[in-house]
Amino acid sequence: MTSFDSTFAYDRDGFAVRDTIQQVHRTSWQQIANAGSYFTGEQRLEIARQARATRAKRGDPSWLREGLPDAEGRLSEVAVDAARTIAADAHKIDSEWAAKKIAALGDGAYVELISIVACMSAIDAYSEALGRAHEPLPDPQPGEPDGGRLAEATDAGAHVPMIDPFTGPNVARALSLVPSANQLFFANVMAMYSNGSGGFYDMEWGGPLDRPQAELIAARVSAVNECFY
Amino acid sequence: MGLLRASSDKLGQEVNLDATVGGEGASDIEHGEALVRFAEAVTRGNDDMDPAREAVRKTLGEAGFVEACGIVGIFNGLVRTADSSGIPLDEGTLHGSADFRERLGLNAFGGAANTEIERGDPAKAPARVLGVG
């Protein structure tokens, strides 16, 4: 069994990162390396590798992104294209594009793929923001996908089924079709989208960053990504 | 952006949402100009990243800098989740953001097609954003 205890050594690198963030990043690495609901650990790591490599070239037009890694048969071409597009061109995704990917992959696999790419983007962007190197990807772990999905998920007007109605923050149901995928990404949201003394439902945060400052950052990140949501 | 406005209102701060799309107004929030510059530099991955990082460190201190990194990081994941899942805006946000979406150019983003934006009506905006505020 691979140990993940030595990964994300933020303190060793001189950063006073909260333990909750370090722990959720370690857990995310472990989960990505293991089989999910629709992909094996090897396939999930290939999604992560494709996402990381393509996002690193996000400033280039898609047709100029040379040197992206070959999946070497670990993933279908459709899955590779989906991972790359979500990583670097998510703002260009429309219902037609998503429908084609979902028809080829299945809606559960598409949701799982989103969660891995989103998780990688968040964790890699965090390292870039801090000014440290990306964490090396772990080795794949054995195991088979369990096919898990939320039976109650339904058409809520999105590209994929999701829980509806929902009483929490709306975006928190986006990946609810596949509980393991939802947990992978939103555990990171819970840890990173707060300052340790205030959370989503608090308009006033204590600590070194107040809520308007956090929301200003969030809004600028969204706008630069051309994200309507 | 609704949460930016709501949280600023709660603290009695004026906020100019133009700052979020590259316009003026970041200075309305403490150290806002440094934070906007940092968020943009990391998101684009451009040459301004190192000086922008040091500017945030200098103005917010190490603890504030690390927290800012968390927000930059997780929103770079959240935008990909929203755009690729195609999740529409919830009713409260649909109405509560109607008064600034068009002005800021947000309705021109591709993801706007996932929401019936023409139904947005500021008169129906809830007093509380996303159930909080």
Side-chain angles (χ1 to χ4, degrees), chain A residues 15-17 21 58-59 86-87 90-95 98 114 117-119 121-123 125-126 128-131 157-160 162 169-171 174-175 185 188-189 192-193 195 201 203-204 207-229, chain B residues 1 3-4 6-8 10-11 13 15 19-21 26 29-32 35-36 39-40 42-46 49 53 60-64 66-90 93 106 109-114 130 132-133:
Chain A
F15 301 106
V17 170
I21 291 179
R58 62 193 178 281
I86 295 168
H91 61 289
K92 295 180 180 175
I93 292 173
D94 59 21
S95 57
I114 293 172
V117 176
C119 191
S121 300
I123 291 175
Y126 186 61
E128 292 158 17
L130 288 171
H159 303 327
V160 294
M162 54 188 64
N170 190 46
V171 74
L175 307 179
F185 180 62
N188 282 277
V189 177
M192 296 168 74
Y193 183 23
N195 66 358
Y201 288 103
M203 286 294 108
E204 296 181 76
L209 193 71
D210 67 27
R211 187 72 187 265
Q213 290 174 315
E215 295 300 338
L216 181 63
I217 295 169
R220 188 63 192 137
V221 169
S222 296
V224 171
N225 277 294
E226 298 183 36
C227 179
F228 169 79
Y229 192 87
Chain B
M1 290 185 193
L3 285 169
L4 170 59
S7 58
S8 298
K10 184 75 175 181
L11 298 182
Q13 298 177 356
V15 63
T20 64
V21 291
I29 290 176
E30 191 173 18
H31 309 310
L35 292 170
V36 164
E40 177 161 354
V42 175
T43 300
R44 294 194 192 282
N46 64 24
M49 199 159 8
R53 183 186 299 116
L60 272 81
E62 191 66 17
V66 170
E67 295 302 333
C69 292
I71 303 297
V72 172
I74 201 58
F75 271 83
N76 270 286
L78 278 164
V79 295
R80 286 164 173 81
T81 300
D83 282 337
S84 53
S85 70
I87 187 169
L89 293 182
D90 59 275
T93 306
L106 308 185
F109 291 164
N114 301 327
L130 300 174
V132 296

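Just so we're on the same page: letters track the sequence lines, and every chain starts at 1.
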Heavy-atom pairs under 4.5 Å with chain B - which of A:Ile21, A:Val171, A:Leu130 has more of them than the others?
A:Leu130
Measure B:Ala113 against the heavy atoms of chain A and call it side chain, backbone, both or neither at under 4.5 Å.
neither
With sequence neighbours left out, what residues match A:Tyr126 under ring-ring contact (aromatic ring centres under 6.0 Å, His included)?
A:Tyr10, A:His25
When only pairs under 4.5 Å are counted, which of B:Gly64, B:Cys69, B:Ala39, B:Gly70 shares the most heavy-atom pairs with chain A?
B:Cys69
Distance in Å, B:Thr81 OG1 paired with A:Ile86 CD1, rounded so as to fall on 0.5 Å steps:
9.0 Å
Top contributor to chain B interface from A:Ala219, A:Pro212, A:Ala118 [non-hydrogen pairs under 4.5 Å]:
A:Pro212
How long is the straight-line distance from CG of A:Leu216 back to CG of B:Leu35, given to the nearest 0.5 Å?
6.5 Å
For the residue pair B:Ile87 and A:Asn170, establish whether any side-chain heavy-atom pair is separated by less than 4.5 Å.
yes
Options A:Gly131, A:Ala125, A:Ala223, A:Ala122, ranked by heavy-atom pairs under 4.5 Å with chain B, top entry
A:Ala122
Which heavy-atom pair separates B:Ser84 from A:His159 by the least distance, and what is that distance?
O-CD2, 3.5 Å
Sidechain-backbone polar pair: B:Arg80 side chain, A:Ala87 backbone, donor-acceptor under 3.5 Å:
yes
Under 3.5 Å donor-acceptor, A:Arg220 side chain and B:Val72 backbone
no
If I take atom CD from residue B:Glu40 and atom CD1 from residue A:Ile217, how far apart are they, to the nearest 0.5 angstrom?
13.0 Å
Provide the closest heavy-atom pair for A:Phe15 versus B:Glu62 in the form atom of the first, atom of the second, distance.
CD2-OE2, 4.2 Å
Under a 4.5 Å heavy-atom cut-off, does chain A meet the side chain of B:Ile29, its backbone, both or neither?
side chain
Hey, what do you get for CD1 (A:Ile93) to OG (B:Ser85), rounding to the nearest 0.5 Å?
9.0 Å
Hey, do the aromatic rings of A:Tyr193 and B:Phe75 have their centres closer than 6.0 Å?
yes
Using every non-hydrogen atom in the two residues, find where A:Met203 and B:Leu3 come nearest and quote the distance to one decimal.
CE-CD2, 3.5 Å
In terms of heavy-atom pairs under 4.5 Å with chain A, which of B:Leu89, B:Val36, B:Val15 leads?
B:Leu89
Could you look at B:Arg44 and say if it's the side chain, the backbone, both or neither that has a heavy atom under 4.5 Å from chain A?
both
B:Leu60 and A:Leu209 have their tightest heavy-atom pair at CD2-CD1, 3.3 Å
Quick one: closest heavy-atom pair of B:Glu67 and A:Pro208, and the distance?
CG-CG, 3.8 Å
Quick check on A:Ser222 against chain B: is it the side chain, the backbone, both or neither that has a heavy atom closer than 4.5 Å?
both
Close side-chain approach of B:Asn114 to A:Tyr229, heavy-atom, < 4.5 Å:
no
Assess whether side-chain contact (heavy atoms from CB on, under 4.5 Å) is satisfied between B:Asn76 and A:Glu128, documenting all intermediate values.
CA-CA 12 Å; B:Asn76 270 286; A:Glu128 292 158 17; over 6 Å; no
Do B:Thr20 and A:Glu215 have side chains that approach each other closer than 4.5 Å (heavy atoms only, starting at C-beta)?
no
Select one option (side chain, backbone, both, neither) describing which atoms of A:Asp94 are under 4.5 Å from chain B's heavy atoms.
neither
Look up atom OG in B:Ser8 and atom CD in A:Gln213, then write down how far apart they are to the nearest 0.5 Å.
10.0 Å
So, for B:Thr43 and A:Arg58, which heavy atoms are closest and what is the spacing to 0.1 Å?
O-NE, 2.7 Å
Let me confirm one number: the CG-SG distance from B:Asp83 to A:Cys227, rounded to the nearest 0.5 Å.
4.0 Å
Who wins among B:Pro88, B:Ala63, B:Ala82 for the most heavy-atom pairs under 4.5 Å with chain A?
B:Pro88
Any side-chain heavy-atom pair of B:Leu11 and A:Glu204 under 4.5 Å
yes
